[in-house]
Amino acid sequence: YEGLPFRVRRELHSRVALRIEEAAGDAADEQAASLALHSAYAGDHDRTWHYARIAADRAASRAAPADAADLYRRALGAAKGCGDVGDADVSQVTEALGEALIRAGELDAADRSLRAAARLRAGDPLATARLLLRQAYVAERVGRFDRMLRLTRKASKTLEGRAGWAPMRLRAAAMVSEAYARQFQGRPEDALRLTGPAIQAAKTSADRRALADALILHDWALVDLGRIDEAVHSGQALEIYESLEDLHGAASASNMLGVVAYYQGRWDEAVEGYEVFATSKERLGDSVHAATGHMNVGEVRSDQGHLDEAVERFRRARRAYVAAGDTLGVAYCLAYLGRVDARAGRTVDADERLREAMESFASLGAEREAAQAEAWLAENALLAGDWSRAAAQSERLLAAPGGDQDAPLLHRVRGEALARLGRGVEARTALDEACRLAEDENADLERALSLAAIARLWPGDPIATEASATAGKLRERLGVVATPEPPA
């Protein structure tokens with residue numbers, strides 16, 4: 001083959017394509033991938049355009065996004081040589097390429113494709129709004145939440161004054177997108193304020209997918225605000241996704257059900273939800289979201305003391321995030337790996353990783369996550385035996401705006417550090433407050449750690465025996481096999 005002139009190669013490929021078509025007859029579309037290949041090498045642009053699109057759509061439907069992307073690219077390459085292919089057709093295929101690239105985790109390339117599709121549909125307000133919302137979704141995936149919010153608002157402005165079902169549905173989707181942007185910016189109060197109108201808009205426009213998205217976000221915001229028992233909407237979202245045969249959405253609903261179970265102390269159920277999410281996303285070719293599932297499983301295993309399994313999960317997730325250019329996901333993995341280091345006694349490594357994660361979160365505008373990483377730094381100082389730094393950092397974070405976010409942990413760290421510094425009365429007050437807040441927030445692991453600290457620091461106190469027994473029962477219920485302790 002390598003020794004044949006290009007003219008002969010093209011002729012042979014053309015003959016092979018014609019023979020396949022003749023043999024397949026009315027079922028030629030079943031051989032679309034082969035026909036697209038041979039037609040492309042034959043220089044037959046019209047047949048390449050026709051068959052590559054069919055093969056790409058089929059690859060996308062069977063969860064092979066990388067194959068679909070290659071075929072969409074082949075179709076677009078052929079479109080330049082076709083005389084009757086208009087901008088609308090090219091835009092449609094370019095948009096489909098963008099969606100395939102999202103599923104494949106090639107987010108920068110996906111954004112370029114969606115922007116190219118939007119330029120081709122500049123005269124169509126509805127298509128423009130839809131493509132802006134998809135670009136906003138990509139911005140979310142790479143942690144650019146300010147850009148996500150700008151694109152969402154631009155889409156909403158494009159829809160102003162337009163009546164009909166299609167604009168109504170796009171407005172509902174835009175409301176959901178804006179609520180997600182606020183949630184990702186660490187502003188669950190704002191997100192929750194937006195989810196109510198978003199849910200109503202989705203119901204009014206009969207957009208069940210937007211409704212399911214809003215219901216999941218509603219639960220997420222409630223969880224972040226500590227209103228765990230009110231987060232009861234993800235089951236309904238799962239039913240909607242399943243009725244729509246939306247496998248991606250169903251996986252996301254399973255993940256949120258796992259999150260709720262985690263905060264309610266049902267950790268075995270939480271892991272089941274996370275595993276369903278990760279496995280489903282892997283089957284669908286969505287490696288980035290699968291990584292989120294593995295990261296969530298890793299969080300539970302880390303909390304339970306299964307540190308080696310947690311590390312394996314976090315590293316697996318990090319590889320996928322790095323490959324996809326998902327800087328927010330990479331920062332999450334860094335933070336979780338840093339906490340594993342702290343729990344394993346590798347406090348120098350932990351300090352380095354947690355600081356890097358905190359800086360990454362801050363650069364992405366993820367203020368809530370940055371504050372959490374800083375709280376874990378205070379805990380790491382405690383585990384390293386640096387009592388003064390642990391006390392100072394926890395006190396500063398508790399006094400800062402939003403300091404109630406990790407209040408049980410911070411009061412525990414402050415209390416244990418103050419006890420080592422000889423300030424026993426303040427220490428006991430801080431640990432009692434940590435226990436109270438942890439119980440109010442259903443943070444059972446934090447409550448167990450605070451009770452264990454009281455029992456350890458005041459062994460002669462009448463409450464020590466009861467505190468130790470309660471801590472043991474909580475750890476047993478959660479499946480915790482080991483917890484870190486500061487130096488003696």
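Everything numeric in this text was worked out from a predicted model, so none of it was measured.
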Atom CD of residue position Glu21 - does it have more than 12 heavy atoms of other residues, nucleotides or ligands inside 6.0 Å? yes
Restricting to non-hydrogen atoms, name the atom on Arg121 and the atom on Ala88 that form the minimum distance, rounded to 0.1 Å. NH1-O, 4.0 Å
Close side-chain approach of Tyr321 and Cys333, heavy atoms under 4.5 Å: yes
Under 3.5 Å donor-acceptor, Ser91 side chain and Ala117 backbone: yes
Output, in order, the C-alpha distance, side-chain angles, deciding distance and verdict of side-chain contact (heavy atoms from CB on, under 4.5 Å) for Asp207 and Arg209. CA-CA 6 Å; Asp207 189 338; Arg209 182 169 282 105; 3.8 Å; yes
Tested for side-chain hydrogen bond (donor to acceptor under 3.5 Å, both in side chains) against Thr195, the lone hit among His218, Gln200, Arg182 is His218
Kindly say whether Arg58 contributes a backbone atom to a donor-acceptor pair with the side chain of Ser61 at under 3.5 angstrom? yes
Can you tell me how far the CD atom of Glu309 sits from the OG atom of Ser302, to the nearest 0.5 Å? 10.5 Å
Rounded to the nearest 0.5 Å, how far does CH2 of Trp376 lie from CG of Asp351? 14.5 Å
Is the backbone of Ser205 close enough, under 3.5 Å, to the side chain of Arg169 for a donor and an acceptor to pair up by distance? yes
Decide side-chain hydrogen bond (donor to acceptor under 3.5 Å, both in side chains) for Gln185 and Asp146; before the verdict, give the C-alpha distance in whole Å, the side-chain angles of both, and the deciding distance to 0.1 Å. CA-CA 8 Å; Gln185 287 177 326; Asp146 290 342; 2.9 Å; yes
Classify the side-chain pair Thr152/Ser177 by whether it contains a donor and acceptor separated by less than 3.5 Å. yes
Side chain proximity check, Ile240 to Leu211, heavy atoms < 4.5 angstrom: yes
Approximate separation, where rounding is to 0.5 Å, of Arg339 CZ and Asn380 CG: 10.5 Å
How many angstroms lie between atom CG of Leu114 and atom CZ of Arg119, to the nearest 0.5 angstrom? 11.0 Å
Residues Asp349 and Arg353 bridged, charged N to O under 4.0 Å: no
Would you mind reporting whether Val16 and Ile20 have side-chain heavy atoms less than 4.5 Å apart? yes
Search all heavy atoms of Pro484 against all heavy atoms of Leu383 and return the closest pair with its distance. CB-CD2, 3.9 Å
Check: His13 ring centre within less than 6.0 Å of Tyr1 ring centre: yes
Donor-acceptor pair, Asp326 side chain versus Gly329 backbone, under 3.5 Å? yes
How far apart are the closest heavy atoms of Thr94 and Ser113, and which atoms are they? CG2-O, 3.1 Å
Donor-acceptor check, side chain of Arg47 to backbone of Leu35, threshold 3.5 angstrom: yes or no? no
Compute whether any side-chain donor of one residue and acceptor of the other, for Arg208 and Ser243, lie under 3.5 angstrom apart. yes
Answer whether the closest heavy-atom distance between the side chains of Met148 and Glu178 falls below 4.5 Å. no
Would you kindly check if the NZ (Lys) or CZ (Arg) of Arg10 is within the cone defined by 45 degrees around the ring axis of Tyr41 and under 6.0 Å from the six-membered ring centre? no
Please step through side-chain contact (heavy atoms from CB on, under 4.5 Å) for the pair Asp67 and Arg62, ending with a clear verdict. CA-CA 10 Å; Asp67 292 342; Arg62 70 171 190 269; 4.0 Å; yes
Would you say CD of Glu282 has more than 12 non-hydrogen atoms from neighbouring residues, nucleotides or ligands within 6.0 angstrom? yes
Find the distance between CE (Met358) and OG (Ser363) and round it off to the nearest 0.5 Å. 11.5 Å
Output, in order, the C-alpha distance, side-chain angles, deciding distance and verdict of salt bridge (charged side-chain N to carboxylate O under 4.0 Å, His left out) for Arg115 and Glu95. CA-CA 9 Å; Arg115 283 190 279 117; Glu95 180 179 355; over 6 Å; no
State, yes or no, whether a side-chain contact exists between Arg171 and Thr204 at a heavy-atom distance under 4.5 Å. no
Under 30°, 30 to 60°, or over 60°: which ring-plane class applies to Trp267 and Tyr262, parallel, tilted or perpendicular? parallel
Under 30°, 30 to 60°, or over 60°: which ring-plane class applies to Phe184 and Trp220, parallel, tilted or perpendicular? perpendicular
Where Ser287 and Ala320 come nearest, the two heavy atoms and their spacing: O-CB, 3.8 Å
Using modelled atom types and a 3.5 Å cut-off, is there a donor and acceptor pairing between side-chain atoms of Ser39 and backbone atoms of Ala36? no
Is the shortest side-chain heavy-atom distance between Tyr274 and Val259 below 4.5 Å? yes
Is the side chain of Gln304 donor-acceptor paired with the backbone N or O of Leu478 at a distance under 3.5 Å, no angle test? yes
May I ask you to check whether Tyr241 and Asp213 show a side-chain donor-acceptor distance below 3.5 Å? yes
Arg74 and Thr48: side chain donor to acceptor below 3.5 Å: no
His306 and Glu312 side chains, donor-acceptor separation under 3.5 Å: no
Quick one: NZ on Lys154 to NZ on Lys157, what's the gap to the nearest 0.5 Å? 10.0 Å
With no hydrogens and no angle check, just 3.5 Å: does a side-chain donor-acceptor pair link His248 and Lys281? yes
Angle class for the Tyr336/Phe314 ring planes (parallel below 30°, perpendicular above 60°, tilted otherwise)? parallel
Measure the shortest side-chain to side-chain distance between Leu159 and Leu126 over non-hydrogen atoms and say whether it is less than 4.5 angstrom. yes
Do we see a donor-acceptor contact under 3.5 Å between the side chains of Ser234 and Asp219? yes
Side chains of Asp224 and Gln405: donor-acceptor distance under 3.5 Å anywhere? no
Among Glu140, Arg141, Arg134, which residue meets the side-chain hydrogen bond (donor to acceptor under 3.5 Å, both in side chains) test with Tyr137? Arg141
What do you reckon, is CD of Glu230 surrounded by more than 12 foreign heavy atoms closer than 6.0 Å? yes
Checking Arg355 against Glu374 for the salt bridge (charged side-chain N to carboxylate O under 4.0 Å, His left out) test, could you report, in this order, the C-alpha distance in whole Å, the side-chain angles of both residues, the deciding distance, and whether it holds? CA-CA 8 Å; Arg355 289 185 187 282; Glu374 195 169 5; over 6 Å; no
Considering only heavy atoms from C-beta outward, does the side chain of Val138 approach that of Ile102 to under 4.5 Å? yes
Return the minimal non-hydrogen interatomic distance between Leu133 and Ala174, and the atom names on each side. CD2-CA, 3.8 Å
Heavy-atom closest pair (Ala221 atom, Pro188 atom, distance to 0.1 Å) is CB-O, 3.8 Å
Are Tyr180 and Phe145 an aromatic pair by the rule of ring centers under 6.0 Å? no
